[in-house]
Every structure is written in structure tokens, then in C-alpha cells.
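Keep in mind it's a predicted model, so treat the numbers as computed, not measured. In what follows, every chain begins at residue 1, and chains take the letters A, B, ... in the order their sequences are listed.
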Amino acid sequence: MFVRSLTAKLKQKTSKTSNLNHVPFLIDILNHSFTNSSLSHVHFPSDISQTNSLIASYVRRGDPVSALTLFHSLRRRAHSDVVADAYTFTSILRASSLLRVSGQFGTQVHAQMLKTGADSGTVAKTALLDMYSKCGSLDEATKVFDEMRHRDVVAWNALLSCFLRCDRPVEAFGVLREMGRENVELSEFTLCSALKSCASLKALELGRQVHGLVVCMGRDLVVLSTALVDFYTSVGCVDDALKVFYSLKGCWKDDMMYNSMVSGCVRSRRYDEAFRVMGFVRPNAIALTSALVGCSENLDLWAGKQIHCVAVRWGFTFDTQLCNALLDMYAKCGRISQALSVFDGICEKDVISWTCMIDAYGRNGQGREAVEVFREMREVGSKVLPNSVTFLSVLSACGHSGLVEEGKNCFKLLREKYGLQPDPEHYACYIDILGRAGNIEEVWSAYHNMVVQGTRPTAGVWVALLNACSLNQDVERGELAAKHLLQLEPNKASNIVLVSNFYAAIDRWDCVEELRSIMRTKGLAKEAGNSWINVPGFNRHAISLSA
DNA sequence: ATAGGGTTAG
């Protein structure tokens with residue numbers, strides 16, 4: 001009805017001077033969403049306060065398209081006495097952030113506000129600040145803040161989260177200090193941002209003080225507790241996080257709270273605790289994904305299978321990220337055919353799905369299959385581009401299986417077809433492949449190429465070069481590689497062992513003995529290798545997921 | 001008008 005005719009008019013007027021015409025994608029959004037829009041049933045309010053509450057309720061309900069449509073029609077009927085005011089614009093700014101419409105639209109709204117004088121109040125300016133902050137325009141946001149005459153705590157908080165959003169925790173601390181100087185009374189929003197700054201700067205003592213302020217607030221707030229859990233786990237204090245988690249009695253723990261606790265436990269390798277927390281939670285895709293990472297790292301196939309079952313039961317198998325974690329879990333536990341069947345079941349494979357599958361084959365010694373998956377990835381219809389991690393997986397797979405030609409081809413593709421700059425890690429894998437194939441001159445020409453490209457060799461590159469020299473009896477250049485390696489990492493036991501193996505390979509046992517005595521005087525010992533096995537009946541977590 | 005959680009490499 002009204003909405004459909006508006007859509008038609010929007011289309012007709014694209015070439016004329018309506019402000020929205022500068023944002024054709026917005027018109028696309030409007031066109032696509034009209035069928036579901038609640039607006040089709042609504043009559044137009046006849047005064048601005050009614051219009052404002054209607055717009056605000058659309059935004060609250062998460063229907064920014066209807067809000068923007070109503071706003072647009074308001075502007076087109078500018079001859080009537082219903083004119084947008086500061087309240088209208090603040091809702092509209094929020095709606096445009098929800099739609100993630102680019103800064104261009106927001107700037108146009110800002111211009112309209114300037115024209116009508118609706119930009120002068122603190123609330124309007126805060127809404128503008130927030131809009132620019134969400135568009136990533138840090139300069140514009142701070143400019144709006146500087147123009148404010150009266151800054152209340154909400155305005156300060158908006159500035160604070162602006163810096164945090166741009167990953168500038170040091171500046172965020174500056175804002176906090178300034179708030180202290182200006183005697184601004186901190187709110188729970190402030191404390192939340194403060195905790196986030198402490199988490200990203202790993203400022204344990206400061207965070208504990210903020211925790212004190214949270215306690216002083218005297219209310220159990222789930223958002224603040226989540227921030228506390230996240231803070232404590234990111235500084236490595238899982239027990240403090242668990243204390244916060246379990247002591248939260250007065251309010252409902254939501255998914256975010258559980259997810260934060262589960263992933264925090266997994267990050268700190270506290271798998272038992274992670275599963276205990278999982279026992280309380282109604283399964284959600286994110287918590288299961290975090291827990292699967294724990295299973296991969298712990299090689300706990302049993303728990304991983306349980307989580308797979310829960311994911312199937314709850315219909316989470318359409319979640320690409322969860323399936324990626326599942327695929328990786330099976331691969332790391334050595335169940336390649338299971339990994340493949342998960343991979344095949346992913347409807348929308350992303351670059352991580354492909355990389356995990358390539359890596360799964362590679363680490364299992366099935367280089368040919370890895371190369372084949374890589375070829376499929378680059379073929380028809382696949383819109384997914386390999387990234388530098390993908391190439392590293394392919395190169396490493398070729399190295400493990402001695403696929404020299406495939407490795408060379410892959411290294412060529414990386415630069416020539418995909419325009420990527422090889423990292424030192426790529427060179428290390430490549431040098432390893434060439435060295436194992438016995439092409440010592442190609443090894444050194446790859447090294448020189450790397451230097452010419454301006455890539456500085458890392459310890460990993462010297463390790464690969466040294467191995468190649470040991471295998472190919474390249475005495476002189478091997479000593480050079482050994483020298484560089486020991487200069488970069490003189491106290492790493494495995495490096496000294498490697499150098500000593502090189503001398504053994506070229507029959508210089510006097511040097512081997514000297515290196516062993518150096519290790520003894522430095523008190524170094526090569527870390528023992530280890531592997532995990534699961535014995536039935538042991539090592540099993542009693543997870544009771546409420547499935 | 002402002003706040004909290006997830007996946008890939010040797």
C-alpha cells in the first residue's frame with residue numbers, strides 16, 4: 001500500500017536530488033525488506049511526537065528499515081507541519097548504525113541536523129559521536145565531543161567506547177583519567193569500558209581496583225560480571241573469574257556470560273572447568289565452538305563426539321564456524337574420514353573450512369589429498385580465496401609428503417596468481433621442501449630471493465637452511481646458517497641440538513662434543529617430546545549437556 | 001545517547 005508506492009517513487013527518483021539517492025544501497029535494502037516491514041499496516045501519524053515514538057519503537061524492536069522509511073517519507077512531506085526534530089534524528093542515527101550503513105548516510109543526517117539546529121543538545125551530540133564511532137571515524141567523533149558544551153557521563157562513556165572500538169586502550173585510559181579530573185560520577189557503563197581497557201592492557205592491579213568499584217555499586221549486573229570474567233581470564237586469573245561466575249546469584253546468567261566463562265577456561269587450558277560450566281548452560285553454538293577447541297588441544301575425541309551429538313540435536317550444524325571447529329577437532333584427533341564428512345556437510349565453506357581440511361590431510365601425511373582439496377578450492381564456483389595461512393598449510397603438506405613439484409607450484413601461485421607476499425614461514429617451508437629434494441642450489445637461491453624481496457630471515461628460516469645443509473653436506477654455508485641461528489636464539493636447547501646434529505652429519509665430532517658441554521654449562525636440556533593417549537575409562541570428563 | 005562472548009598454521 002503506502003509502502004509499496006513509496007518504493008516505486010524511490011526508484012523513479014533515483015536520479016533526482018533526494019538525499020537518500022546518494023546511497024543507492026540503502027534503497028536496495030528498503031526494496032528487499034518491504035514485504036516484511038511492519039510499516040505496511042500502519043497509517044501515518046499526524047504530529048512529530050507520535051512519529052518519533054513510532055520511529056523509536058521500530059528501532060527498539062530491531063526494525064531499522066521501517067524507521068528509515070518513515071523518516072524518509074517525513075522528509076518528502078516537508079511542506080506539511082510534521083518536521084523532524086532532535087528526537088527524530090537521534091533515533092535515525094541509531095537506526096543507521098544498526099543497518100551498518102556507511103558513514104555517508106550518517107554525515108547527511110548530520111548535515112540535516114546542522115541545518116535545522118537539531119544538533120546542539122548533549123543527547124543529539126552524543127548520538128552523533130556514537131554514529132561516527134561505529135563508522136570508524138575517530139576524528140569526527142572526537143570533534144563532536146570537543147564541541148559539546150555540557151558533557152554528562154553518557155557522553156564521556158560514548159567517547160570511552162569509541163576509543164575501545166578502535167582498539168586504542170591507552171587513549172581510553174586517558175579518557176578515564178580525564179573523567180576523574182572533571183569529577184564525573186562513574187556509571188556501570190564506565191566500569192565496563194574500564195575493565196575492557198584493563199583486559200587488553202593486561203593491567204591486573206588496576207582491574208582489581210575496578211572490581212572493587214563494581215562491588216561498591218552493590219548490584220549483581222550480568223554485563224559487568226561478564227566483563228569481569230573476561231578481564232580475569234585474559235590476565236590469566238581463571239580462578240578469580242570462576243569466583244565471579246559462581247558468586248553471581250541475584251540475576252539471570254545469559255549466553256554471553258556462559259560463553260565468556262567457557263572460552264576463558266579453554267584459553268587457559270582448564271578443560272575440566274570448561275565442561276563443568278557447560279553443564280549449566282542451554283547449548284548455544286558459540287559455547288560449543290569454544291569447547292571444541294578445548295577438545296582439539298586436549299586430543300579428547302570422546303568429549304568432542306559428545307559435543308558433535310549435541311550440535312546435531314540442537315540443529316547447530318548449519319553454523320560454519322562450529323563445523324570448522326568440529327572438523328579441526330576430528331583432524332587433530334586423527335579421524336580424517338570423520339573430518340572429511342564434516343567438511344562435505346558444510347553448506348557455506350569459508351576460507352577456514354578449506355584451510356582446516358587441507359591441514360587435516362597434510363598433518364596426516366596425505367599430501368596428495370591436501371593438494372587435491374587446494375585445487376578444488378581454486379576451481380569453478382568457489383568464491384573463497386586462499387589466504388597466507390592456506391598457503392602455509394599446503395606448503396607444509398607438500399613438505400611432509402615430499403611433493404616437490406606441487407610445493408614449487410604452490411609457492412609460485414602464492415605470489416604470481418594471488419599477489420601475496422610470502423612470509424618468512426612460507427620461505428621456511430619452501431626451503432625445507434627443496435632441501436629434502438636434494439636441490440641445495442635452489443635452496444640458496446630461494447634464500448637470496450627472500451633477502452632481495454626485503455624479507456628478514458627468522459630463526460625458523462635458519463633452521464630450515466641448516467637442515468637442508470645437513471642433508472646435502474653443504475659444510476660452509478651450513479656453518480653460516482648455524483652462526484645466524486645461534487645469534488638469534490642462543491639459549492634455545494633445540495637449536496643447539498640442531499647445530500650439533502649438523503656437525504655430526506659432516507663428521508665434526510669435536511664440535512658436537514663442544515656444543516654438548518656448552519649445553520651442560522648453560523644448564524639446558526632439550527624438552528622431552530610427548531604425546532597424548534586416551535585410556536578408556538580414564539581422562540574422561542563427565543559432561544552433562546542438557547540435551 | 002553510552003557497556004559484555006566464538007573459529008584456522010609449523
**Student:** Holding to ring-ring contact (aromatic ring centres under 6.0 Å, His included), I want the full list of residues that pass it with H308(A), two or more places apart in sequence or in another chain.
**Tutor:**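 Result, ring-ring contact (aromatic ring centres under 6.0 Å, His included) vs H308(A): Y330(A).
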**Student:** Which part of the nucleic acid does K125(A) contact within heavy-atom distance under 4.0 Å: base, sugar-phosphate only, or nothing?
**Tutor:** nothing
**Student:** Just to be sure I understand the rule, does V351(A) reach a base, reach only the sugar-phosphate, or reach nothing, if contact means heavy atoms closer than 4.0 Å?
**Tutor:** nothing
**Student:** Checking N364(A) side chain against Q366(A) main chain: does a donor-acceptor pair fall under 3.5 Å?
**Tutor:** no
**Student:** Considering residues at least two apart in sequence or located in another chain, which fulfil the salt bridge (charged side-chain N to carboxylate O under 4.0 Å, His left out) criterion with D85(A)?
**Tutor:**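 Applying salt bridge (charged side-chain N to carboxylate O under 4.0 Å, His left out) to D85(A) gives none.
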**Student:** At under 4.0 Å between heavy atoms, what does D359(A) touch on the DNA or RNA strands: base, sugar-phosphate, or nothing?
**Tutor:**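 Touches sugar-phosphate only.
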**Student:** Output all residues satisfying salt bridge (charged side-chain N to carboxylate O under 4.0 Å, His left out) with D423(A), sequence neighbours left out; order by chain, then residue number.
**Tutor:** none
**Student:** Looking at residues at least two apart in the chain, or sitting in another chain, which of them share a ring-ring contact (aromatic ring centres under 6.0 Å, His included) with Y87(A)?
**Tutor:**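 None.
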**Student:** Output all residues satisfying ring-ring contact (aromatic ring centres under 6.0 Å, His included) with H400(A), sequence neighbours left out; order by chain, then residue number.
**Tutor:** none
**Student:** Indicate, with a heavy-atom threshold strictly under 4.0 Å, whether D350(A) touches base, sugar-phosphate, or nothing.
**Tutor:**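 Nothing: the residue D350(A), judged by heavy atoms under 4.0 Å, touches no strand.
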**Student:** Can you list everything that forms a ring-ring contact (aromatic ring centres under 6.0 Å, His included) with Y361(A)? Sequence neighbours excluded, please.
**Tutor:** none
**Student:** Using a strict heavy-atom distance below 4.0 Å, which residues from residues 325-333 of chain A are in contact with DNA chain B?
**Tutor:** K332(A)
**Student:** Name the first nucleotide and the last nucleotide along DNA chain B (5' to 3') that come under 4.0 Å of a heavy atom in chain A.
**Tutor:**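 Reading along DNA chain B, I get dA1(B) to dG10(B).
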**Student:** Not counting sequence neighbours, which residues clear salt bridge (charged side-chain N to carboxylate O under 4.0 Å, His left out) with D239(A)? List them please.
**Tutor:**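 Applying salt bridge (charged side-chain N to carboxylate O under 4.0 Å, His left out) to D239(A) gives R270(A).
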**Student:** Is N387(A) touching bases, backbone alone, or none of the nucleic acid, heavy atoms closer than 4.0 Å?
**Tutor:** nothing
**Student:** Give one of base, sugar-phosphate or nothing for R267(A), where a contact means two heavy atoms less than 4.0 Å apart.
**Tutor:**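 If one applies the 4.0 Å heavy-atom cut-off, R267(A) turns out to touch the sugar-phosphate alone, with no base involved.
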**Student:** Check every strand shown and say whether D423(A) touches a base, only sugar-phosphate, or nothing at a heavy-atom separation below 4.0 Å.
**Tutor:**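 If one applies the 4.0 Å heavy-atom cut-off, D423(A) turns out to touch nothing in the nucleic acid.
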